[in-house]
Protein chains: 2
Amino acid sequence: MAQRRELIKGSIDSLLLCLIVEQPMYGYRIIKELESRSQGYFKFKEGTLYPALHRLEKSGLIQGRWQVLSTGQQRKYYSMTAKGKASLADSRTKWLDFLSAVSMIIRPSEA
Amino acid sequence: MAQRRELIKGSIDSLLLCLIVEQPMYGYRIIKELESRSQGYFKFKEGTLYPALHRLEKSGLIQGRWQVLSTGQQRKYYSMTAKGKASLADSRTKWLDFLSAVSMIIRPSEA
DNA sequence: GTATAATACCTAGTGACTCTAAGTATATGT
DNA sequence: ACATATACTTAGAGTCACTAGGTATTATAC
């Protein structure tokens, strides 16, 4: 029944890769970026995002590097690997396949 | 990484409701119907479908009734309840919201 | 000066749910 | 007799978002 949660579950990796391929990004920024781009729809919790980033890094799709700001603050910037780019292309295809399959069932018929 | 599986997870309830609202249906038929309508994309296993139907029935969205064919075979036909219809309308809205949110992130930009 | 909020990261535990893999039973075709 | 299709059931494994807690720094407000 937690429909929203489950829908998100299948797309979070693609969403993260989509942002990181544009430019290296750190976790906190990604959360804010997804929220603003989706006009408030996506509000990822840290408990969702950080494990997801670690998972992607472990799979070799992105690579993290610590950076220290002049203020002393630390940030972990993630950038895309070649493997990540390939995976993103693949994900996009899968997403479109899924979309077209669903649209064959869930027609925008009037209720 | 099991992207496909997770994508499906968020939409299976809506897909089932979509079919059942058209006409009462039984499990085995639903599996075949989803497969043919999606041109082979959806191939639900029994272990996925039957628990999902039981879940929907338990929530009061559909109602099952056993029917015995002239051959002696038994089938459990599920039909839509008022609550189910309302839920379907709601799911459709949620699905469209999700779609539009994702499309704001995953643009069909060239790889 | 000292709360409070914002920035920035981490993770153990819970709960939800698909799928695997097994089982039961009848009907039909070979 | 045996295989295949129809038709339903469920225990167990594996995955992963989210809750809820933690650490640490910086900036703003009172």
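Letters A, B, ... are given to chains in the order of the sequence lines, protein chains preceding strands, and every chain is numbered from 1. Below, each value reflects all heavy atoms present in this structure, side chains not excepted, and no hydrogens, waters or symmetry copies.
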I'd like a list of close polar pairs between nucleotides 18-21 of chain D and the protein, N/O only, cut-off under 3.5 Å.
from   : atom 1 : to    : atom 2 : distance (Å)
D:dC18 : OP2    : A:T48 : OG1    : 2.8
D:dC18 : O4'    : A:R5  : NH2    : 2.8
D:dC18 : N4     : A:G47 : O      : 3.3

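Nearest nucleotide to the side chain of A:H54, out of C:dT11, C:dC17, C:dA8: C:dT11. Relative to the side chain of A:E6, the nucleotides C:dA16, C:dT18, C:dC9 differ in distance, and C:dA16 lies closest. Of the candidates D:dC8, D:dT15, C:dC9, D:dT15 carries the atom nearest the A:K9 side chain, counting heavy atoms from C-beta on.
One can place CE of A:M25 at 12 Å from P of C:dC9, the figure rounded to the nearest angstrom. Rounded to an integer number of Å, the gap from CZ of A:R75 to C1' of C:dC10 is 17 Å. In this structure, A:K58 places its NZ atom 14 Å from C1' of C:dT11, rounding to the nearest Å. The interatomic distance linking A:I31 (CD1) with C:dC10 (C1') rounds to 12 Å, in whole Å. Going from atom CD of B:Q67 over to atom P of D:dT6 covers 19 Å, rounded to whole Å. In this structure, A:Y77 places its OH atom 14 Å from P of C:dT7, rounding to the nearest Å. Rounding to whole angstrom units, CG of residue A:D13 and C1' of D:dA17 are separated by 12 Å. In this structure, A:I30 places its CD1 atom 16 Å from C1' of D:dA17, rounding to the nearest Å.
In terms of phosphate contacts, A:R55 brings a side-chain nitrogen or oxygen within less than 4.0 Å of OP1 or OP2 of D:dA17. Using a 4.0 Å cut-off, no side-chain N or O of A:Y50 falls inside it from OP1 or OP2 of C:dC10. At C:dC9, none of the side-chain N or O atoms of A:Y28 fall inside 4.0 Å of OP1 or OP2 (strictly under the cut-off). For C:dC10, the OP1/OP2 oxygens have a side-chain nitrogen or oxygen of A:K76 closer than 4.0 Å.
Among pairs with a residue in residues 38-53 of chain A, those fulfilling salt bridge (charged side-chain N to carboxylate O under 4.0 Å, His left out) read A:E35-A:K43, at least two apart in sequence or across chains.
For B:R65 and B:Y26, the positive end is not near the middle of the six-membered ring at less than 6.0 Å and at most 45° from its axis.
Using a 30° and 60° split on the angle between ring planes, A:F98 and B:Y41 fall in the tilted class, from 30° to 60°.
For the side-chain contact (heavy atoms from CB on, under 4.5 Å) test, residues two or more places apart in sequence or in another chain that qualify with B:D90 are B:K94. Applying the side-chain hydrogen bond (donor to acceptor under 3.5 Å, both in side chains) rule to B:Y77 yields the partners B:R75; only residues at least two apart in sequence or on another chain are considered. With sequence neighbours excluded, no residue forms a side-chain hydrogen bond (donor to acceptor under 3.5 Å, both in side chains) with B:Q67. Applying the side-chain hydrogen bond (donor to acceptor under 3.5 Å, both in side chains) criterion to B:S38, with sequence neighbours excluded, gives no partner residue.
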